[in-house]
Amino acid sequence: MAYWLFKSEPSTWSWEMQKAKGEAGQEWDGVRNYQARNNMRAMKIGDRGFFYHSQEGLEVVGIVEVCKLAHPDSTSDDPRWECVDVRAVRDVPQPVTLNDIKANPKLSEMVLVRNSRLSVQPVSDDEWAEVNRMGGLKPGEA
DNA sequence: GCCAACGTTGGC
DNA sequence: GCCAACGTTGGC
């Protein structure tokens with residue numbers, strides 16, 4: 001299983017809104033960046049991701065799961081743009097802030113730190129485990 | 001609100 | 001194929 005990070009401005013699409021969608025999940029639409037799209041194309045059902053609030057909050061607040069493979073983005077007429085669907089899995093008990101991540105040497109290579117503008121990014125196994133630990137989730141819990 | 005970083009576009 | 005101009009993102 002691969003791990004990812006999904007970034008969203010809470011004023012546009014917040015973790016609360018994501019959770020309200022429940023098991024049905026929601027299309028991760030609106031991505032207009034090739035790298036981010038390619039990451040979504042690489043996702044498999046059951047892959048896990050962090051839900052990160054950008055602009056406001058600047059923290060990892062939740063865990064999501066990919067529940068539908070990449071398909072055309074319903075908000076675009078351009079067939080180049082595709083997206084997956086994700087559903088909320090659980091809250092991160094102690095949200096992990098960008099400052100926390102930057103302050104942790106183990107996370108110095110995270111794309112979130114290295115390329116802050118990429119909205120859908122890969123997360124390594126080690127980074128996944130570390131951020132989960134910082135967020136108060138036990139190994140294997142997420 | 002500012003600005004740095006980055007991606008995209010389009011003329012040549 | 002290069003690169004200047006422009007637009008967008010996101011942290012501060």
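These figures come from a predicted structure and were not determined experimentally. Just so we're on the same page: letters track the sequence lines, and every chain starts at 1.
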Please write out the pairs of protein N or O atoms and N or O atoms of nucleotides 1-6 of chain C separated by less than 3.5 Å, giving the distance to one decimal.
none

If we count only N and O atoms by modelled type, under 3.5 Å, do the side chains of A/S11 and A/Q55 hold a donor and an acceptor together? no
Distance-only, no hydrogens or angles: does the A/S54 side chain make a donor-acceptor pair with backbone N or O of A/K7 under 3.5 Å? no
Contacts of A/Q94 that satisfy side-chain contact (heavy atoms from CB on, under 4.5 Å) - sequence neighbours left out: none
Under a 4.5 Å cut-off applied to non-hydrogen side-chain atoms, are A/R90 and A/L137 in contact? yes
Can you give one letter per nucleotide of nucleotides 7-12 of chain C, 5' to 3': B if a protein heavy atom sits under 4.0 Å from the base, S if only from the sugar-phosphate, - if neither? BBBBBS
Run the side-chain contact (heavy atoms from CB on, under 4.5 Å) test against A/D78 and tell me which residues pass, sequence neighbours left out. A/S76, A/R80, A/W81
With each end axis built from five pairs of C1' atoms, what bend angle do you get for the helix from B/dG1-C/dC12 to B/dC12-C/dG1? Round to 10°. 10°
When you check the gap from the basic side-chain N to the acidic O, do A/E23 and A/R87 get nearer than 4.0 Å? yes
Would you give me the side-chain donor-acceptor pairs under 3.5 Å for residues 101-108 of chain A, sequence neighbours excluded?
{"unit_1": "A/N104", "atom_1": "OD1", "unit_2": "A/K106", "atom_2": "N", "d": "2.8"}
{"unit_1": "A/N104", "atom_1": "ND2", "unit_2": "A/E130", "atom_2": "OE2", "d": "2.7"}
{"unit_1": "A/S108", "atom_1": "OG", "unit_2": "A/P105", "atom_2": "O", "d": "3.1"}

Tell me the ring pair (Phe, Tyr, Trp, His ring centres under 6.0 Å) pairs involving residues 117-142 of chain A, sequence neighbours left out? A/Y3-A/W128, A/F50-A/W128
Could you list all the salt bridge (Lys or Arg N to Asp or Glu O under 4.0 Å) pairs where at least one residue sits in residues 46-60 of chain A, not counting sequence neighbours? A/R48-A/E65
Can you list, by residue number, the residues of residues 29-36 of chain A that have a non-hydrogen atom closer than 4.0 angstrom to DNA chain C? none
Between A/R114 and A/R80, which has a closest nucleotide on DNA chain B that is more 5'? A/R114
Residues at least two apart in sequence or cross-chain that pass side-chain contact (heavy atoms from CB on, under 4.5 Å) with A/A129, listed by chain then number, are none
Sequence neighbours left out, what passes side-chain contact (heavy atoms from CB on, under 4.5 Å) with A/N115? Give chain and number order. A/Q35, A/V111, A/R117, A/L118
Hits for ring pair (Phe, Tyr, Trp, His ring centres under 6.0 Å) against A/Y52, two or more places apart or cross-chain, chain-then-number order -> none
